[in-house]
Amino acid sequence: MSILYGKKINQLLANTAPTRLLFADRLNKEGYSGQLEKKYRDSGLLTAMCKGVMCRTGSRLNAYDAIASYNKQMGVRCRRNYCKNSRIIRLFLQ
């Protein structure tokens, strides 16, 4: 398990910009189980922002990076005006 764990986390960190959000739905599609995501959160590598949304611990996030992450990982084209009611954008507007 430790080899698989090390391989997966290295791949995740290498393919994710420090300022981007991570969505559980997308991670699940890429083969990351809920248990593995929890292990990453418990170890302090990832921080949960709300249900199903995480970021790298210590990241400095902004609304534009949140929109870009959402667009890329969820396969939609979202603009700031269109997303005002989105739970992700509400995190940054609070």
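These values consider heavy atoms only, across backbone and side chains, with no hydrogens, waters or symmetry-generated copies. All residue numbers in this chain count up from 1 along the given sequence.
Remark: Thr57 pairs with Thr47 by the side-chain contact (heavy atoms from CB on, under 4.5 Å) rule, at least two apart or across chains. Residues satisfying the side-chain hydrogen bond (donor to acceptor under 3.5 Å, both in side chains) test with Asn15, not counting sequence neighbours, are none. When the side-chain contact (heavy atoms from CB on, under 4.5 Å) test is applied to Lys72, no partner is found at least two apart in sequence or on another chain. Legend: residues meeting side-chain hydrogen bond (donor to acceptor under 3.5 Å, both in side chains) with Ser33, ordered by chain and number and at least two apart, are absent. With sequence neighbours excluded, the residues that form a side-chain hydrogen bond (donor to acceptor under 3.5 Å, both in side chains) with Arg26 are Glu30. For the side-chain contact (heavy atoms from CB on, under 4.5 Å) test, residues two or more places apart in sequence or in another chain that qualify with Ala24 are Glu37, Met54.
Between the side chain of Ser43 and the backbone N or O of Tyr40 there is at least one donor-acceptor pair closer than 3.5 Å.
Within the 4.5 Å cutoff, the side chain of Lys29 has no heavy atoms near those of the Phe23 side chain. Annotation: side chain of Cys55 is in contact with side chain of Leu21 (closest heavy-atom distance under 4.5 Å).
Atoms CG and NZ, from Leu46 and Lys39 in turn, are 13.5 Å apart once rounded to the nearest 0.5 Å.
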Quick one: do Leu45 and Leu12 satisfy side-chain contact (heavy atoms from CB on, under 4.5 Å)? Show the steps, please. CA-CA 11 Å; Leu45 291 168; Leu12 180 65; over 6 Å; no
